[in-house]
Amino acid sequence: MALDIEVAKDNTMQLLALDDVAIMTESGERRESIRNDISADGNIRDGKFTLYLQSNYFDDPASLTVMIDAVQAVPKGEDFIEVDFGTKEIITKPTYFKGDISIVQQSVAVKMKKNNEGKLLMLSDAIKEDGTPLEFKSLTISRDEQYVVETSQFEEYNGKAKLYLNYYPNPIGENIEVNIPLQ
């Protein structure tokens, strides 16, 4: 089952993630995201994407209910951290951002309190100041009782870059249900 989603262009928030999307049929059958496989097509940042969910080929429901545990979003234009790999400085970070950021060589480490239920910021999408992509190399995660530290390593680069947040725990809507009549 494919669920096509398009975000209104005049939306002031940058959607980062839809947590725990499922479909419920009128008979109560729950269809969830595909596990251990690619379950999306397109880019949520572009505002138009497709989520793939489990489906029952032989079922022909009269209606479906889309259920979203939470929509994670941040203000548009405030969805990145800007760093200078040459001077090892944080140039800008969003005002809402509650993590500690440090730069060591070609890595950016973010330390946050453990309250985002295992979801990761994933600072893997980055752009150099000339607009070309900054290649993401790896992600290391460490945890203790209070904090999680994500360390994103990038290609050798000695300049400024924007690192885009792929997730941030900032729900703008929770326990959302949308009924879709099919007939």
Practice item. State whether the side chain of E156 and the backbone N or O of Q106 hold a donor-acceptor pair below 3.5 Å, judged by distance alone. Key: no
Check your understanding: Taking all non-hydrogen atoms of both residues, which atom of G86 and which atom of D84 are closest, and how far apart?
Key -> N-OD1, 2.8 Å
Practice item. Could I get the full list of side-chain hydrogen bond (donor to acceptor under 3.5 Å, both in side chains) partners for D100, not counting sequence neighbours? Key: none
Practice item. Please list all pairs passing the side-chain hydrogen bond (donor to acceptor under 3.5 Å, both in side chains) test where one or both residues lie in residues 88-98, with sequence neighbours left out. Key: T87-E89
Point to revise | Pair listing, side-chain hydrogen bond (donor to acceptor under 3.5 Å, both in side chains) test, anchored in residues 3-18, at least two apart | key: D4-T50
Exercise for review: Could you list the residues that satisfy ring-ring contact (aromatic ring centres under 6.0 Å, His included) with F97, not counting sequence neighbours?
Suggested key: Y168
Exercise for review: Report the distance from atom CD1 of I180 to atom CG of L3, rounding to the nearest 0.5 Å.
Suggested key: 6.0 Å
Exercise for review: Could you walk me through whether F80 and D125 pass the side chain to side chain contact (heavy atoms under 4.5 Å, CB included) test, one step at a time?
Suggested key: CA-CA 9 Å; F80 62 88; D125 296 328; over 6 Å; no
**Study point:** N166 and L123, any side-chain heavy atoms less than 4.5 Å apart
**Key:** no
Review point. Is there a side-chain contact between P94 and I81, using heavy atoms and a 4.5 Å cut-off?
Key: yes
Check your understanding: Is there a side-chain contact between F154 and V83 (heavy atoms, below 4.5 Å)?
Key -> no
Practice item. Just jot down the salt bridge (Lys or Arg N to Asp or Glu O under 4.0 Å) partners of E155, sequence neighbours excluded, or say none. Key: K128
Review point. Is any side-chain heavy atom of L15 closer than 4.5 Å to a side-chain heavy atom of I5?
Key: no
Practice item. Could you please spell out the steps behind the side chain to side chain contact (heavy atoms under 4.5 Å, CB included) verdict for Y147 and K113? Key: CA-CA 4 Å; Y147 296 97; K113 285 196 176 194; 3.7 Å; yes
Check your understanding: Residues sharing M67's hydrophobic cluster, by side-chain heavy-atom contacts under 4.5 Å among ILVMFWY, directly or via others?
Key -> M24
Check your understanding: Would S124 and L139 count as a side chain to side chain contact (heavy atoms under 4.5 Å, CB included) if you check the C-alpha gap in whole Å, the side-chain angles of each, and the deciding distance to 0.1 Å?
Key -> CA-CA 8 Å; S124 58; L139 176 69; over 6 Å; no
Point to revise | Rounded distance (nearest 0.5 Å) linking atom CG of D19 with atom CD1 of I68 | key: 9.5 Å
Review point. Quick check: does any side chain N or O of E177 sit under 3.5 Å from a backbone N or O of T65, one acting as donor and the other as acceptor?
Key: no
Practice item. Evaluate the side-chain proximity of T140 to Q153: yes if any heavy-atom separation is below 4.5 Å, no if none is. Key: no
Practice item. Would you indicate whether the side-chain heavy atoms of M1 and L64 approach each other to under 4.5 Å? Key: yes
